[in-house]
Amino acid sequence: MREIPIQYQIACVILTALFIWSFSIAREPRGWRRLFQSMFAKSETFSVNRNKTIDEALKRYGIVIAMIILVVDVSCFVMGVTYPFRQKLKSLSPEQRENMNEINKFENTKSGVSPLP
C-alpha cells in the first residue's frame, strides 16, 4: 500500500481537531460562552436574554460550521488516498492512455454496461 503524502496527513489532523472543537462548542455553547466572557467581557454587561441568544446562535452556526469542516476533512482524506493513483495517471504517455481507454471500453461492453460516448 502506498503512503498518503505528509501534506494531506497534516491537513487531515488539523481539520479533524477543528471539527471536534467546533462540534463540542455547538453541543455545549454555555460553557464556552462563559469561558469567553470570563476572559474578555466586563462583568457589568450581564444579560440573561442576551446570553440565551448568544447560546442559540452558537449552537445553530456551530453545527453548520462543524459539518462544513467535516466535508472538507473527508475530501482532503480522499484526495490523499487517491494521490498516488492520480500521479500515476499523469505520468502516462498518450499511447498508454489510449490503450487504457480501449481496455476500459472493452471491459464495459463485455460486462453489459453501455460505453460512454
Side-chain angles (χ1 to χ4, degrees):
M1 180 172 169
R2 296 184 179 153
E3 232 179 82
I4 297 174
I6 191 73
Q7 300 91 334
Y8 291 106
Q9 292 178 13
I10 292 170
C12 284
V13 167
I14 291 172
L15 288 169
T16 302
L18 280 174
F19 166 72
I20 292 170
W21 183 57
S22 62
F23 193 73
S24 69
I25 290 174
R27 283 194 67 222
E28 293 294 329
R30 182 178 295 146
W32 290 96
R33 177 191 42 82
R34 286 180 179 167
L35 175 67
F36 179 79
Q37 285 178 336
S38 69
M39 293 171 62
F40 300 109
K42 297 179 182 176
S43 61
E44 63 264 2
T45 60
F46 179 77
S47 169
V48 174
N49 290 335
R50 184 172 151 248
N51 288 341
K52 185 176 180 183
T53 305
I54 292 171
D55 290 345
E56 290 170 355
L58 279 174
K59 186 171 278 199
R60 179 180 36 223
Y61 294 120
I63 290 175
V64 170
I65 290 170
M67 291 303 117
I68 290 170
I69 292 171
L70 180 64
V71 167
V72 172
D73 189 17
V74 170
S75 300
C76 182
F77 178 77
V78 169
M79 295 270 297
V81 169
T82 61
Y83 180 80
F85 304 109
R86 289 183 284 124
Q87 290 303 319
K88 183 179 176 184
L89 286 176
K90 281 184 182 178
S91 67
L92 291 177
S93 69
E95 295 87 24
Q96 291 172 328
R97 287 186 191 186
E98 186 62 34
N99 288 339
M100 263 179 86
N101 287 338
E102 291 295 324
I103 291 170
N104 287 338
K105 286 179 186 177
F106 177 73
E107 290 294 323
N108 286 341
T109 56
K110 183 179 170 184
S111 65
V113 178
S114 62
L116 295 174

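Predicted, not measured: the structure shown is a model, and the values here were computed from it.
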### Message
If the condition is side-chain contact (heavy atoms from CB on, under 4.5 Å), which residues does Gln87 pass it with, not counting sequence neighbours?
### Response
Tyr83, Lys90
### Task
Using the rule that two of Ile, Leu, Val, Met, Phe, Trp, Tyr join whenever any of their side-chain heavy atoms come within less than 4.5 Å, decide whether Ile10 and Val74 are in one cluster.
yes
### Summary
Heavy-atom closest pair (Pro84 atom, Glu3 atom, distance to 0.1 Å) is CG-O, 4.2 Å
### Query
What distance separates Glu28 CD from Asp55 CG, expressed to the nearest 0.5 Å?
10.0 Å
### Query
Taking only residues two or more places apart in sequence or in another chain, which ones pass side-chain contact (heavy atoms from CB on, under 4.5 Å) with Val81?
Ile4, Phe77
### Task
Please list, chain by chain and in numerical order, all residues satisfying side-chain contact (heavy atoms from CB on, under 4.5 Å) with Ser38, sequence neighbours excluded.
Leu35
### Message
Side chains of Pro5 and Tyr8, heavy atoms from C-beta outward: is any pair under 4.5 Å?
### Response
yes
### Query
Out of Glu56, Gln37, Arg34, Arg30, which residue meets the side-chain hydrogen bond (donor to acceptor under 3.5 Å, both in side chains) rule with Asn51?
Gln37
### Query
Quick one: do Val64 and Ile25 end up in the same hydrophobic cluster if we chain Ile, Leu, Val, Met, Phe, Trp and Tyr together by side-chain heavy atoms under 4.5 Å apart?
no
### Message
To the nearest 0.5 Å, what is the distance between CG on Asn99 and OG on Ser93?
### Response
8.0 Å
### Task
Find out whether Arg86 and Met79 are in side-chain contact, i.e. whether some heavy atom of one side chain is under 4.5 Å from a heavy atom of the other.
yes
#### Entry: Residues in side-chain hydrogen bond (donor to acceptor under 3.5 Å, both in side chains) contact with Thr16, at least two apart in sequence or another chain
Asp73
### Task
Look up atom OH in Tyr61 and atom OG in Ser22, then write down how far apart they are to the nearest 0.5 Å.
15.5 Å
### Task
Measure across Gly62 and Ala26 and return the closest heavy-atom pair with its distance rounded to 0.1 Å.
C-CB, 3.6 Å
### Query
Does some side-chain heavy atom of Met100 sit less than 4.5 Å from a side-chain heavy atom of Leu89?
yes
### Query
Would Val13 end up clustered with Leu70 when hydrophobic side chains under 4.5 Å apart are linked, directly or stepwise?
no
### Query
Linking I/L/V/M/F/W/Y whenever their side-chain heavy atoms sit closer than 4.5 Å, directly or via other members, would Val71 and Val78 fall into one cluster?
no
### Task
Please check if Leu18 and Phe36 belong to a single hydrophobic cluster, counting links between Ile, Leu, Val, Met, Phe, Trp and Tyr side chain heavy atoms closer than 4.5 Å.
yes
### By side-chain contact (heavy atoms from CB on, under 4.5 Å) - contacts of Arg60 (at least two apart)
Ala57
### Atom pair CG (Leu58) and CZ (Arg27), whose distance is rounded to the nearest 0.5 Å
15.0 Å
### Query
Can you name the residues that form a ring-ring contact (aromatic ring centres under 6.0 Å, His included) with Phe19, not counting sequence neighbours?
Phe23
